[in-house]
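Everything on this sheet refers to the single structure shown next.
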Amino acid sequence: MDELKMPLTAHLEELRWRLILAVGAVVIAAAIAYLAVDDLLKFLTAPLLALGEKVQIIGTGLAEAFFTKLKVAVIAGVFLASPVVLFQIWRFVEPGLHESEKKYVKPFVFFGTLFFVSGAAFCYRYVFPSAFGFFIEQYKTIEIAPFIRLTEYLSFASRMLLAFGVVFELPVFTFFFARTGMVTHRQMIAWWRYAVIVIFVVAAVLTPGPDVASQMLMAAPLLFLYVVSIGVAYLFARIPKPADPEA
């Protein structure tokens, strides 16, 4: 357990290197994603353009298209490099784990990546059509043709994708808290009323439209993930060491 006795400066140095490696992985992945950035751009704008011929995406700046492509490449890089980022997070907290717990690195990276990508996929498949349909409908009620600026649309879409990806990591975060003894499945069961309130508040804040349907599209999977997290906390709870008889 010498690693547990590292001074604060050593922990900060370790954190710095982990951040450098994680950012470096994202940059490399973004450079690779830039090779297919045109297809990625079409993929991201497809849910909005599918709402009808009257919806148009426009550019208003000379260099807007170029910088938008860079942003799309970076967003794609975050998803491509998510296994590396999660591995660096694991390596940072690994010194605080027991030897028997360090074997969970592969499941952590795998399921962390799976939940992150699944959250973004859920947002793209179910939330985007509902949210965009609501907003475009507001233009129709005042009989104005919607001309959506490219930069604003992609900023909005990327925030939503990343937000859903992060909130879908709830079972992974629970794994950490359960292994460190910060939370137990009994506590999570006792907190379920408060959890429901928090989940609906988060759904109301993160979803773009005030309609109940959009909020339920985020709240429903979060409620399911909370139940899954209870199971994770039960399966991976830290087992307390037996007391020393001589003590």
Side-chain angles (χ1 to χ4, degrees), residues 11-47 63-97 101-128 150-177 179-180 202 206 218 221-222 225 228-229 232 236:
H11 283 294
L12 293 176
E13 180 67 14
E14 177 72 10
L15 177 61
R16 185 175 73 90
W17 278 109
R18 295 302 168 194
L19 288 175
I20 290 174
L21 291 174
V23 172
V26 172
V27 171
I28 294 173
I32 296 174
Y34 192 82
L35 300 176
V37 70
D38 292 337
D39 293 331
L40 292 173
L41 198 54
K42 292 178 182 178
F43 177 77
L44 287 175
T45 55
E64 184 175 3
F66 172 72
F67 286 109
T68 298
K69 288 183 178 182
L70 290 180
K71 293 178 182 178
V72 171
V74 171
I75 295 168
V78 171
F79 285 93
L80 288 176
S82 57
V84 179
V85 174
L86 290 168
F87 180 71
Q88 296 306 319
I89 294 174
W90 178 275
R91 290 302 303 271
F92 178 70
V93 301
E94 189 178 34
L97 302 176
E101 298 169 346
K102 295 179 180 180
K103 64 182 179 181
Y104 295 120
V105 55
K106 291 182 179 179
F108 170 77
V109 173
F110 174 77
F111 286 107
T113 303
L114 177 63
F115 280 113
F116 186 63
V117 175
S118 297
F122 181 87
C123 177
Y124 183 88
R125 177 64 179 82
Y126 297 104
V127 178
F128 277 0
L150 178 62
T151 302
E152 294 178 353
Y153 167 75
L154 287 177
S155 296
F156 174 83
S158 61
R159 287 198 303 269
M160 289 296 297
L161 291 173
L162 292 174
F164 269 82
V166 170
V167 298
F168 267 57
E169 295 281 12
L170 179 60
V172 182
F173 295 150
T174 303
F175 171 83
F176 265 121
F177 296 147
R179 293 311 301 174
T180 57
V202 171
L206 293 182
M218 173 171 269
L222 277 178
L225 289 173
V228 172
S229 299
V232 171
F236 298 101

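Side chains are part of it too, since the values below use all heavy atoms of this structure and drop only hydrogens, waters and symmetry mates.
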Angle between ring planes, F108 versus W90, binned at 30° and 60°: parallel, tilted or perpendicular?
tilted
Correct closest heavy-atom pair for A73 and V37 would be N-CG2, 4.3 Å
Heavy-atom distance under 4.5 Å between the side chains of L154 and I75, does that happen here?
no
Correct closest heavy-atom pair for P83 and V109 would be O-CG1, 3.6 Å
Using the side chain to side chain contact (heavy atoms under 4.5 Å, CB included) rule, take V78 and F116 through it: C-alpha gap first, then chi angles, then the decisive distance, then the call.
CA-CA 10 Å; V78 171; F116 186 63; 4.1 Å; yes
Closest heavy-atom contact between P221 and F168?
CB-CZ, 3.6 Å
Rounded to the nearest 0.5 Å, the CD1 atom of I20 sits from the CG atom of L15 at a distance of 10.0 Å
Output for pair (L225 CG, L170 CG), nearest 0.5 Å, gives 6.0 Å
Answer with yes or no after comparing the ring centroid distance for Y124 and F164 against a 6.0 Å cut-off, counting only values under it.
no
Side chains of F111 and P171, heavy atoms from C-beta outward: is any pair under 4.5 Å?
no
Can you name the closest pair of heavy atoms from G77 and A29 and give their distance?
O-CB, 3.5 Å
Side chains of F128 and L161 in contact at under 4.5 Å (non-hydrogen atoms):
yes
Quick one: CZ on F92 to CZ on F87, what's the gap to the nearest 0.5 Å?
14.5 Å
Tightest non-hydrogen contact, residues E169 and G112, listed as OE2-O, 2.8 Å
When every non-hydrogen atom of L86 is compared with those of T113, the smallest separation belongs to CD1-N, 3.2 Å
Answer whether the closest heavy-atom distance between the side chains of Y34 and L40 falls below 4.5 Å.
no
Is any side-chain heavy atom of L21 closer than 4.5 Å to a side-chain heavy atom of R18?
yes
K69 versus D38: any side-chain heavy-atom pair under 4.5 Å?
yes
